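Each remark here refers to the structure printed beneath this line.
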Amino acid sequence: MITLYHFFFLTITILILVYMYRVFRGPTVYDRILGLNGISTKAIIMLTILGSLYERLEMFVDIALGYAVLNIIGGLAVGKYLEQKRTREC
Amino acid sequence: MSPRTLILKTIGLFGLWILLSGKLDAFHLSIGFFGAALIAWINTEPQHLDEPPLPLARLVLYLPWLFWEVVKSSLNITKIILDPKLPINPRLVQYPTNLGSNTAVVLLGNSITLTPGTVTIEVSSSKLVIHALDDESSNELESRSMEQKIAEVFHSRGQT
Amino acid sequence: MLTVDTLLIFIGLFFLTVAAIGVIRLPDVFSRSHALGITDTLGNFFVLTGVAFYQGLTLADVKIFLILLALWHLNPVISHATLRAALRNGVRPWIKEKK
Amino acid sequence: MIRPHDSVIVHTLARVFTPIIQLFALYVLIHGHDSPGGGFQAGTLFAASVILPVIAFGIQGSLAVLERRAIILGAVGILLYAGIGLLPLILGGEFLNYGELPIPGMETSARRHWGILGIETGVTLTVAATAVSIYYSLRERGEEEGK
């Protein structure tokens with residue numbers, strides 16, 4: 001049975017593809033990081049919508065929380081690495 | 001050395017545990033309590049024990065105001081993005097501040113970033129560098145209403 | 001059939017779409033982060049509250065609120081760290097030419 | 001050497017969120033049987049909560065004691081796993097058959113519960129220790145190349 005939630009799911013997938021364009025196209029590496037951050041946010045939203053589709057919201061919400069936490073640490077680590085890479089080369 | 005911060009942290013973490021777990025039997029509650037106490041003890045360094053606690057009540061009053069600001073500026077940015085002419089005028093704004101405490105500056109910086117149209121780029125205890133997207137956002141920034149609100153949150157305790 | 005939850009999610013999806021358009025249209029990394037800001041705040045807020053309304057009040061709603069709180073705190077920090085790295089490594093913001 | 005991140009915002013974030021991440025990891029570990037999660041995920045989250053202060057405050061940050069001892073912690077985790085797993089084998093059951101655990105005064109189902117919890121704790125310790133030591137060794141590699 002197709003419900004509205006399937007439609008929401010599809011829309012967010014399309015939005016992720018739009019962000020993928022930014023990630024592949026660049027032009028700077030910072031654009032790519034911001035695009036990836038946008039994709040992870042969409043993935044978190046997608047997990048909650050998937051949870052309501054499968055009627056297992058309490059389970060998917062846990063996954064989404066863990067994902068949010070790991071996402072911030074990844075983002076910070078990459079940002080810090082890019083910031084320090086240049087100062088080390090100089 | 002007062003253990004007040006430690007106790008407050010434990011209570012806060014234990015409350016979070018109850019929200020997360022949702023199980024109220026003895027096993028889960030005791031694990032949650034001892035876990036919260038252990039985590040609070042690990043993460044509290046001696047120099048942080050005497051810090052004044054956050055003015056939580058005033059902070060809760062600040063949040064709806066911030067939310068309203070976010071809604072207003074979000075609509076503004078939405079209008080700009082959907083405009084075919086793309087009427088943006090980005091600039092870097094130097095924003096000196098005299099809020100004093102680090103926590104207040106961090107709250108200011110994060111609120112500025114959270115409001116679409118302005119992003120905090122550099123932050124130190126006396127100056128922020130902010131990127132503003134268009135004229136309206138930078139005017140909003142120049143009016144310093146956000147800084148005043150945060151100063152109210154943090155300073156009225158000291159005066160009374 | 002338009003209930004509260006689907007209405008809220010539709011509003012949220014509108015903001016998410018606007019943010020995606022902004023990420024494509026805007027000229028440089030600094031202005032793109034403003035577009036991401038809309039997603040991070042309003043888009044997430046509407047979609048997640050919509051999902052929370054879907055099942056009525058359960059424990060999962062509390063956790064959705066926690067996710068929202070976490071996203072509101074964490075995403076500005078990532079934006080800040082990334083843009084700071086960009087500025088320090090010599091990426092200059094795009095400026096409108098004076099006519 | 002891992003330098004501190006010099007943004008006040010990142011410092012505050014790390015100070016506020018490290019305990020919360022650890023509490024969440026504990027929740028994932030304890031509630032492993034009725035929600036997604038268990039040992040591996042909890043270990044990853046614990047490792048994240050160690051790495052976050054290191055990113056923000058540099059190597060002198062909190063829990064830097066773990067640097068050399070992480071591997072020992074991992075070994076303790078494996079011992080816990082193997083010990084709980086082998087005990088039923090010695091007592092005449094199968095490997096990891098928690099029902100055979102010699103805990104006096106307990107139903108079989110309760111024994112299973114505690115056995116799984118012990119195993120998961122072992123997995124958590126090992127995964128967290130391994131991830132943290134991978135992070136530290138990446139740093140040392142970078143140092144050698146920088147010289």
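Worth saying up front: this structure is predicted, and the values here are computed from it rather than measured. Per chain, numbering begins at 1; letters A, B, ... match sequence-line order.
Within residues 79-87 of chain C, the residues having any heavy atom less than 4.5 Å from a heavy atom of chain B are, in residue-number order, C/Ser79, C/His80, C/Leu83, C/Arg84, C/Leu87.
Salt bridge annotation for B/Lys127-B/Glu122: absent, with no cationic side-chain nitrogen under 4.0 angstrom from a carboxylate oxygen.
Atom NE2 of B/His28 has more than 12 neighbouring heavy atoms from other residues, nucleotides or ligands inside a 6.0 Å radius. For B/Phe27, the CZ atom counts as densely surrounded, since its 6.0 Å shell holds more than 12 non-hydrogen atoms of other residues, nucleotides or ligands.
Atom-to-atom distance recorded for C/Leu74:CG and C/Leu69:CG is 9.5 Å, nearest 0.5 angstrom.
For the side-chain contact (heavy atoms from CB on, under 4.5 Å) test with C/Leu48, the passing option among C/Ile9, C/Ile64, C/Leu8 is C/Ile64; the others fail. Screening B/Leu114, B/Asn110, B/Leu63 for a side-chain contact (heavy atoms from CB on, under 4.5 Å) involving C/Trp72 leaves a single residue, B/Leu114.
Heavy atoms closer than 4.5 Å to chain C are found in both the backbone and the side chain of B/Leu19. With a 4.5 Å cut-off on non-hydrogen atoms, C/Phe65 does not touch chain B at all. Residue C/Val62 touches chain B through its side chain alone, counting heavy-atom pairs closer than 4.5 Å. Looking at B/Ile112, neither its backbone nor its side chain comes within 4.5 Å of chain C, counting heavy atoms on both sides. Only the side chain of B/Leu75 comes within contact range of chain C, judged by heavy atoms closer than 4.5 Å. Only the backbone of B/Thr118 comes within less than 4.5 Å of a heavy atom of chain C; no side-chain atom from C-beta onward does.
Interface summary for chain B: among C/Leu36, C/Leu42, C/Asp28, the most heavy-atom pairs under 4.5 angstrom belong to C/Leu42.
In this structure the side chain of B/Thr120 never reaches within 4.5 angstrom of the side chain of B/Tyr95, judged on heavy atoms.
Residues B/Ile81 and C/Arg25 approach most closely at O-NH1, 2.7 Å, considering heavy atoms.
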